[in-house]
Amino acid sequence: MGLPSRRQALEQVHFPPEGASLAEYERRRSHAHQRLILEEFFVFAAGLQLRRRQDRVGRPGRHTFTVDDGLRDLVRKVLPFRLTPSQRGALATIAEEFQSPLAMRRLLQGDVGSGKTIVAVIAALIVIHHRAQVALMAPTEVLAEQHFATIRALLEPHKIRVVLLTAGLGAAQRRDTLQAVASGWAQFVVGTHSLIQEGARFRDLGFAIVDEQHRFGVAQRRTLVDRGGGADLLVMTATPIPRTLTMALHGDLDLSELRELPPGRQPVSTLIRDASGLPEVYARVREEVHKGRQAFYVCPLIEDSEELPGAGVEARFRELSEGPFRGLRVDFVHGRVPAARREQVMSAFASGALDVLIATTVIEVGVDVPNATVMVVEHAERFGLAQLHQLRGRVGRGSDPASAILVVAGKPTDLALRRLQVLEATTDGFRIAEEDLAIRGPGDFLGTRQSGIPPFRVADIVRDAEFLRLARKEASDFLASPAAETDEGERILAHVRETWGERFGLTAGG
């Protein structure tokens, strides 16, 4: 590429040479900028690969999990439907990695309803078949409860013991559950952060699953894995991440993607309405209920606020159940509802005992009610693209046509309207993720605080994606070469550890 040295690049960035293109400098495309961008990305990529190397070191006595005829028979009994090609591919890769003496570190991402959970459950069966334990950690009690209900229904008929560990358990129940986990009686443990808190001990954790992984930090995932002395790790997300961001955020993980939806899933039509269209929305809900279907009705707040009067779940529940939905079976749920009551309401809706569930975004992920065909979202302009796509994914899970109705209040901003129009145009979560990234930029796309997007000084992971790809290859080649063992190589590695060691949890020799 003929790039300048670091010193020359720094001088030229601050004092462009005579005849330099100002347009190139403004776009950060001068040779000096390219040199500094590549260096930033190289150091970052090397740090990720050191983290990857550190995680994949073999551990004495570590399990390897193989597949035999008895396991195949069990999987056939458990599977509720035929797997898609990408599900089969992901499982084949996981099964192969289970047989390696090195720990698996894999990211499974797929669109809403693509069947990530069943992939994780079938993978878990391989581990349980070898008498090791499995843990699934979810970010909220609602999602953990939903996973617990789904997994227990699949596995308990086959004599596999599934338990739930969350902060909402009573003292006696929590004590008994912790004992079941520590003794190994519990084979599949579903929980929240409680899985990594003081007191939670596993007899033999072989496989850790982290759902909605972007809501957890690297350290939390590592803590769960370490409960098994280096268990295999599968992290899952239903919020597709553009490949550029995947390289930057999860370069220490191998990637599997689920691109197809299982057979029978119906496309969801998306409608945008303003407040004047609410009577039509109410009529649509009643029409679907009279057909024997069910509806979600999402509000942005738990309680009303001065800014959004009448937007709280409980206020809208009273208003709708006494007015437009009078005579229908209506209830509500939100994050402050006690766990026992929340589980009761969610179970009632799942069983068809409720017609309409009014809720906050606690129902955003993990809720599977095939009979629900309408998703109404009030104040949709206040929600992000990924969140609206997740909410829309709660319907269309059965064989009947479904719709999402996005109700906007007042006059939405041009940016909010653009987001809604993207949803109106496509149901492809991967395309939506790319559009969302273009609209918001990388920092806001995932939320800088929780996403861990690196604070680069010159580089930009979207603008400079081709440099990131090049830097990853250069870092990989360097670490695999004798140059890494030289004095100069050691100085480079020391700089990598100094720059990224704390963020990536690198050990002195990692």
Side-chain angles (χ1 to χ4, degrees), residues 111-112 214 238-240 242 268-285 295-317 319-320 324-325 332-335 356-365 367 372 374-396 402-429 431-451:
D111 208 346
V112 177
H214 59 279
T239 304
V268 180
S269 62
T270 302
L271 311 171
I272 301 173
R273 296 289 184 266
D274 59 22
S276 68
L278 277 172
E280 174 195 346
V281 173
Y282 301 149
R284 180 68 169 270
V285 170
F296 292 99
Y297 203 104
V298 172
C299 303
L301 304 173
I302 293 176
E303 299 173 347
D304 288 356
S305 69
E306 290 185 11
E307 185 183 358
L308 291 177
V313 166
E314 296 191 27
R316 286 299 277 152
F317 165 71
E319 183 180 352
L320 292 170
F325 299 157
F332 70 90
V333 69
H334 54 68
V356 182
L357 179 62
I358 301 174
T360 57
T361 55
V362 295
I363 53 91
E364 178 185 345
V365 290
V367 179
V374 182
M375 167 62 71
V376 180
V377 183
E378 286 196 349
H379 295 276
E381 74 282 356
R382 302 182 69 87
F383 295 84
L385 255 177
Q387 196 168 41
L388 288 170
H389 181 57
Q390 289 285 343
L391 290 168
R392 176 171 61 181
R394 296 310 100 204
V395 296
S403 59
I405 307 174
L406 310 178
V407 182
V408 299
K411 182 174 174 55
T413 65
D414 290 343
L415 200 59
L417 191 58
R418 183 179 168 191
R419 288 200 304 268
L420 299 177
Q421 287 169 341
V422 168
L423 282 167
E424 194 176 34
T426 183
T427 57
D428 182 342
R431 180 180 160 194
I432 289 169
E434 296 287 353
E435 294 282 355
D436 203 8
L437 178 61
I439 291 171
R440 293 197 283 161
D444 288 335
F445 174 79
L446 292 174
T448 301
R449 177 185 62 79
Q450 66 185 16
S451 71

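For clarity, every value in this text was computed on a predicted model and none was experimentally measured. FYI, side chains are in, hydrogens and waters are out, and symmetry mates aren't considered; it's all heavy atoms of this structure.
For the atom pair CG (L388) and CZ (R382), the distance works out to 12.5 Å, reported to the nearest 0.5 Å. Put simply, CD1 on I363 and OH on Y297 are 13.5 Å apart, with the number rounded to the nearest 0.5 Å. For the atom pair L385 CG and Q421 CD, the distance stands at 11.0 Å (nearest 0.5 Å). One distance of note links NE2 of H334 with CD of E314; it measures 4.0 Å at 0.5 Å rounding. For the atom pair CG of L415 and CG of L420, the computed distance is 10.0 Å after rounding to the nearest 0.5 Å. If you take CZ on F296 and CG on L391, they are separated by 9.5 Å, rounding to the nearest 0.5 Å.
The minimum heavy-atom distance between E319 and P324, with the atom names listed, is O-CD, 3.7 Å. Here the shortest heavy-atom pairing between L271 and R284 reads CD1-NH1, 3.7 Å.
For the side chain to side chain contact (heavy atoms under 4.5 Å, CB included) test, residues two or more places apart in sequence or in another chain that qualify with V407 are L278, V281, V376, I405. In this structure E378 satisfies the salt bridge (charged side-chain N to carboxylate O under 4.0 Å, His left out) test together with R316, sequence neighbours excluded. In this structure, the side chain to side chain contact (heavy atoms under 4.5 Å, CB included) partners of A311, at least two apart in sequence or on a different chain, are P300, L301, L308, H379. Scanning for side chain to side chain contact (heavy atoms under 4.5 Å, CB included) contacts around Q390 gives V112, A238, T239, E364, V365, R394, with sequence neighbours left out. Evaluation of the side chain to side chain contact (heavy atoms under 4.5 Å, CB included) rule for A402 yields V268, T373, V395 as partners, not counting sequence neighbours.
Residues V313 and I302 fail the side-chain proximity criterion, which asks for heavy atoms closer than 4.5 Å. Inter-residue side-chain proximity for L423 and H389 is flagged as met; some heavy-atom pair is nearer than 4.5 Å.
Screening residues 268-281 for salt bridge (charged side-chain N to carboxylate O under 4.0 Å, His left out), with sequence neighbours left out, gives R273-E280.
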